[in-house]
There are 2 protein chains.
Amino acid sequence: MKRQQAHRAIAKASSLPIEVDFREAVPLTEQIRNQIRALIARGKLQPGDQLPTVRQLAADLRVNFNTVARAYRMLEKEALISVRHGRGTFVLAPVSEASKEALKRETLHSLAHHLVQQARALGLSEHEVMAALRRAWQEDEPP
Amino acid sequence: MKRQQAHRAIAKASSLPIEVDFREAVPLTEQIRNQIRALIARGKLQPGDQLPTVRQLAADLRVNFNTVARAYRMLEKEALISVRHGRGTFVLAPVSEASKEALKRETLHSLAHHLVQQARALGLSEHEVMAALRRAWQEDEPP
DNA sequence: TGTATCATTGTATCTTTGTATCATTGTATC
DNA sequence: GATACAATGATACAAAGATACAATGATACA
């Protein structure tokens, strides 16, 4: 019976505004990947920006740096970032208007899935979630 | 192929103070599950503690590791532990029955606000978000 | 200027840990 | 006995971690 105190539920990074939840069913790689994709989609990360090194972000999030490296490689496959051995990782410019749209769609998709996944874990009904979302939409002041 | 099992009447684990009795009518999964639940209830296992790996405990108890994994997953459904692929299994902090509902509402509220905030930052309409959510709800397999 | 050396950064690969799926076994029911 | 079902086991798979390696760039010094 180990008294291992390595288990923090949530870890926030300081090098990037993202966080991981170790209790969630979603794999860490996916969590990291989805949040970085969202940052790019929202313009919080701009073309040319350098991402933290895999070791830096991994230390922040208290995960293995290979986990971050895997997330980066997947984002590279999506043509969102460029990962260069020995140099670092950089945000790419979207190649077309269509790819920007695709990025937005994919981001919304993953955000929606995240909410559904969490809601289901709480045993909430579709109706409850929809209602909460409508309410939230009105409560948040429109821009 | 005949399997000699007479030697396993009772097996005690060294990695956890629990044991299984192969002659008992109660399924092994239940025996393991009940005893771990009791250890948590009595505080012998505390929030943050790491449980033995499924293979470790299985070897101790002379049981297939899937049997332990099943017990772990059931305990996870009871919200007593968190089982993470590739990482291990950890005891969760208890949530009182009384605060469960409030916590659920709070979580839903913050999840909904988060989605709204992100969606607005992406310049999406309420209708688009609602539609995406409905789709996501159907894509995730219903329990 | 060239290059040796070292620190930094990502990569490859193997291990550890849980998951998914199908096969086997034992038991209840007919 | 035959059959159906639940429990357990066997095996292949996938996520995350550990460790050794390779590419790049900075620095020192001949």
Side-chain angles (χ1 to χ4, degrees), chain A residues 2 4 6-9 11 15-16 20-34 36 49-77 80-92 117, chain B residues 1-9 11 15-16 20-34 36 49-77 80-92 141 143:
Chain A
K2 301 184 240 180
Q4 196 134 319
H7 193 61
R8 204 153 300 182
S15 50
L16 265 192
V20 292
D21 186 339
F22 295 102
R23 297 164 305 188
E24 252 180 58
V26 181
L28 297 175
T29 304
E30 282 299 309
Q31 292 186 38
I32 296 167
R33 173 188 186 188
N34 289 337
I36 293 179
D49 283 356
Q50 177 163 20
L51 271 62
T53 69
V54 295
R55 285 174 177 81
Q56 175 64 56
L57 185 51
D60 277 7
L61 296 175
R62 321 217 176 226
V63 304
N64 190 274
F65 69 78
N66 277 303
T67 302
V68 174
R70 287 176 187 120
Y72 279 7
R73 254 173 284 177
M74 288 194 274
L75 289 163
E76 185 174 46
K77 273 199 188 134
L80 296 178
I81 65 179
S82 161
V83 188
R84 296 304 204 66
H85 195 169
R87 295 202 57 204
T89 304
F90 302 85
V91 179
L92 291 175
Q117 193 264 336
Chain B
M1 170 183 332
K2 197 144 178 253
R3 179 168 297 272
Q4 197 74 332
Q5 290 192 343
H7 66 292
R8 2 180 258 183
S15 51
L16 268 191
V20 292
D21 186 340
F22 294 93
R23 299 161 305 190
E24 220 174 293
V26 182
L28 298 174
T29 306
E30 282 301 308
Q31 293 186 40
I32 296 167
R33 176 188 185 189
N34 291 338
I36 292 179
D49 283 357
Q50 178 165 19
L51 271 62
T53 69
V54 295
R55 284 174 177 81
Q56 175 63 57
L57 185 51
D60 277 7
L61 296 174
R62 320 251 170 202
V63 154
N64 188 274
F65 68 78
N66 277 302
T67 302
V68 175
R70 285 173 190 123
Y72 279 7
R73 253 172 288 176
M74 288 194 271
L75 290 164
E76 185 176 45
K77 274 205 184 124
L80 294 177
I81 64 178
S82 163
V83 188
R84 289 292 75 108
H85 196 168
R87 216 154 202 273
T89 304
F90 303 85
V91 179
L92 289 176
E141 106 273 354

I need the CD-P distance between A/Gln50 and C/dT9, as an integer number of Å. 8 Å

In dot-bracket, 5' to 3', how would DNA chain D read with Watson-Crick or G-U wobble pairs under 3.5 Å, [ ] for crossing ones and | for pairs to another strand? ||||||||||||||||||||||||||||||

Hey, does the side chain of B/Thr89 come within less than 4.0 Å of C/dG18's phosphate (OP1/OP2), counting only N and O? yes

Figure out the CG/C1' separation between A/Leu75 and C/dG10, and round it to whole Å. 15 Å

Check every strand shown and say whether B/Arg55 touches a base, only sugar-phosphate, or nothing at a heavy-atom separation below 4.0 Å. base

note: B/Ile81, atom CD1; C/dT17, atom C1'; distance rounded to Å ~ 14 Å

B/Ala69: which residues meet the side-chain contact (heavy atoms from CB on, under 4.5 Å) condition with it, sequence neighbours left out? B/Val54, B/Arg73

Show the nearest heavy-atom pair for residues B/Arg62 and B/Phe22, with the distance to one decimal. O-CZ, 3.6 Å

Nearest heavy-atom approach of B/Ala71 to B/Ile32 is CB-CG2, 3.7 Å

Could you tell me which non-hydrogen atom of A/Ala11 sits nearest to which non-hydrogen atom of A/Asp60, and how far apart they are? CB-O, 4.3 Å

With the criterion being N/O to N/O and under 3.5 Å, what pairs connect the protein with nucleotides 15-17 of chain D, and how long is each?
unit_1, atom_1, unit_2, atom_2, d
D/dA15, O4', B/His85, ND1, 3.2
D/dA16, OP1, A/Leu28, N, 2.4
D/dA16, OP2, A/Thr29, N, 3.3
D/dA16, OP2, A/Thr29, OG1, 2.9
D/dA16, N7, A/Arg70, NH1, 3.4
D/dG17, OP1, B/Arg87, NE, 3.0
D/dG17, OP1, B/Arg87, NH2, 3.0
D/dG17, OP2, A/Asn64, N, 3.0
D/dG17, OP2, A/Thr67, OG1, 2.6
D/dG17, N7, A/Arg70, NH1, 3.4
D/dG17, O6, A/Arg70, NH2, 2.8

Under 3.5 Å donor-acceptor, B/Arg70 side chain and B/Glu30 backbone: no

Nearest heavy-atom pair of A/Asp21 and A/Gln31: which atoms, and what distance? N-OE1, 2.9 Å

May I ask you to decide whether A/Arg23 forms a salt bridge with B/Glu76, counting only side-chain N to carboxylate O separations under 4.0 Å? no

Please find the pair of heavy atoms, one from B/Gln50 and one from B/Gly88, that lie closest to each other, and give the distance. NE2-CA, 3.9 Å

How many Å lie between CD on A/Glu76 and C1' on C/dT9, as a whole number? 14 Å

Please give, in whole Å, the distance from C/dT11 C1' to A/Met74 CE? 15 Å

